[in-house]
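Worksheet: the structure to be examined is printed underneath.
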Amino acid sequence: MDTLFIGNNIVRLTEVDSTNSYARALLKDVNVHEGMVIWADNQTNGRGQRGSVWNAEPLANITFSLILNPGFLNATNHFHLSKIVALAIHATLTEILGTDNYDIKIKWPNDILVNRKKICGVLIEHIFRADHIHQSIVGIGLNVNQVDFGELESKATSLKLVSGKEFARDEVLSKLLKNLEVLYLQLKQGKEKEININYLKFLLYFEQETSFNDLKNNSSFKGKIVNVLPNGYLEVEFNSGERRKFDMKEVGFGY
């Protein structure tokens with residue numbers, strides 16, 4: 001692995017219910033070095049944001065969890081980690097696919113889209129100590145060679161579907177881990193402003209009017225995304241000029 005520490009230790013599993021759950025149990029029992037990766041060929045009970053289920057065909061995709069120790073991050077700034085993970089995935093897909101025929105976007109809070117279809121999902125779970133993050137489990141599911149998504153066909157895609165090519169999963173993982181390490185070290189060096197600028201550059205509907213679903217009041221409204229705050233809140237500007245902040249349980253929107 002061409003990295004300093006991320007991915008130098010990979011636990012390879014044939015099957016597991018959830019790599020995030022496996023990682024959390026591991027952290028309770030042993031002293032885990034930062035950068036350890038738990039990679040499963042088959043994840044039987046993968047989890048996503050808002051309690052959703054992540055289903056992946058065995059041996060066709062990349063489903064793994066990465067353990068980090070971002071003690072330099074204040075708990076209120078936890079979403080900086082989500083931003084660098086999204087940017088690392090975006091960079092990896094851009095490296096593999098290019099941008100000429102592909103619209104690669106980050107969808108808040110933690111999805112990556114290619115041509116408006118979901119290709120990757122992220123679930124980050126933090127372990128806090130006082131007012132800082134002690135450890136983080138970064139779960140990533142990237143669709144690589146899967147071509148049948150059943151009832152999700154209109155919303156999901158993979159590298160093979162968009163390119164027509166078969167990919168070696170270990171090579172894709174290696175590229176992704178390398179990009180993750182570069183961005184993680186940038187974050188550790190305090191480059192939050194630069195990271196946020198790049199994140200917003202690739203964010204779906206940034207500075208574009210779109211329709212939002214008000215999940216608390218079961219209604220909809222129009223506005224445009226103007227920022228994503230360090231705590232993960234989405235800042236939306238209404239046509240009136242008023243700005244409001246929403247967490248992921250309060251608002252949603254389509255592709």
Side-chain angles (χ1 to χ4, degrees), residues 1-16 18-20 22-23 26 32-43 46 54 56-70 81-100 102 104-106 110-114 118-125 135-147 156-189 191 195 198-199 202:
M1 187 67 64
D2 188 22
T3 54
L4 296 174
F5 64 100
I6 289 182
N8 285 351
N9 188 359
I10 297 180
V11 176
R12 188 73 181 268
L13 303 172
T14 302
E15 184 174 285
V16 71
S18 161
T19 57
N20 267 32
Y22 186 97
L26 199 63
V32 176
H33 290 294
E34 184 174 35
M36 176 181 279
V37 169
I38 316 299
W39 181 17
D41 288 329
N42 184 26
Q43 188 172 232
W54 180 266
E57 182 181 309
L59 297 171
N61 305 306
I62 296 172
T63 51
F64 73 96
S65 294
L66 166 67
I67 296 172
L68 296 173
N69 303 334
L81 194 60
S82 293
K83 290 178 181 180
I84 64 121
V85 171
L87 283 170
I89 298 165
H90 187 282
T92 303
L93 295 176
T94 302
E95 184 180 346
I96 293 171
L97 296 172
T99 56
D100 291 345
Y102 305 100
I104 306 171
K105 291 289 187 184
I106 299 167
N110 280 319
D111 288 343
I112 311 296
L113 312 179
V114 174
K118 183 174 177 177
I119 196 169
C120 188
V122 178
L123 177 64
I124 301 178
E125 299 177 290
Q135 292 173 311
S136 297
I137 302 169
V138 181
I140 297 175
L142 174 61
N143 298 331
V144 180
N145 295 318
Q146 185 168 337
V147 294
T157 193
S158 67
L159 286 171
K160 185 174 182 178
L161 274 176
V162 298
S163 69
K165 301 175 184 177
E166 188 96 7
F167 292 86
R169 292 182 302 142
D170 57 340
E171 292 179 8
V172 175
L173 179 64
S174 179
K175 291 178 188 293
L176 177 51
L177 294 179
K178 187 173 182 178
N179 285 321
L180 273 167
E181 182 172 272
V182 168
L183 283 153
Y184 183 67
L185 291 176
Q186 287 180 10
L187 180 60
K188 198 170 185 177
Q189 292 164 5
K191 297 183 178 179
I195 287 166
N198 289 329
Y199 178 85
F202 302 119

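In terms of modelled atom types and a separation under 3.5 Å, the side chain of Asn69 and the main chain of Gln135 share no donor-acceptor contact. Side-chain atoms of Gln43 come within 3.5 Å of backbone N or O of Thr19 as a donor-acceptor pair. The backbone N or O of Val162 sits less than 3.5 Å from a side-chain atom of Tyr102, completing a donor-acceptor pair. Looking only at distances, a side-chain donor or acceptor of Ser18 sits under 3.5 Å from a matching main-chain atom of Asn20.
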Q) Between Phe64 and Leu177, is a side chain to side chain contact (heavy atoms under 4.5 Å, CB included) present by the stated rule, with each step listed? A) CA-CA 11 Å; Phe64 73 96; Leu177 294 179; 3.9 Å; yes

Q) Stepwise, does the side chain to side chain contact (heavy atoms under 4.5 Å, CB included) test hold for Leu185 with Phe5? A) CA-CA 11 Å; Leu185 291 176; Phe5 64 100; 4.0 Å; yes

Q: Show your reasoning for whether side chain to side chain contact (heavy atoms under 4.5 Å, CB included) applies to Tyr199 and Ser82.
A: CA-CA 10 Å; Tyr199 178 85; Ser82 293; over 6 Å; no

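Under the rule for a side-chain hydrogen bond (donor to acceptor under 3.5 Å, both in side chains), the partners of Asn8 that lie at least two apart in sequence or sit in another chain are Thr3. With sequence neighbours excluded, no residue satisfies side-chain hydrogen bond (donor to acceptor under 3.5 Å, both in side chains) with Asn198. Scanning for salt bridge (charged side-chain N to carboxylate O under 4.0 Å, His left out) contacts around Asp100 gives an empty result, with sequence neighbours left out.
Expressed to the nearest 0.5 Å, how far CZ of Phe167 lies from CD1 of Ile96 amounts to 6.0 Å. Leu68 CG to Leu66 CG: the interatomic distance, rounded to the nearest 0.5 Å, is 4.0 Å. With rounding to the nearest 0.5 Å, the separation of CD1 in Ile140 from CG in Leu180 is 5.0 Å. Taken from CG in Asp170 to CH2 in Trp39, the straight-line distance is 5.5 Å, to the nearest 0.5 Å. Met36 contributes atom CE, which lies 10.0 Å from atom CD1 of Ile10 (distance to the nearest 0.5 angstrom). Atoms CD and CD1, from Glu34 and Ile67 in turn, are 10.0 Å apart once rounded to the nearest 0.5 Å.
Using a 4.5 Å heavy-atom threshold, the side chains of Leu87 and Ile195 count as touching.
Between Leu159 and the choices Val114, Asn143, Leu93, Asn145, the side-chain contact (heavy atoms from CB on, under 4.5 Å) rule is met once, by Leu93.
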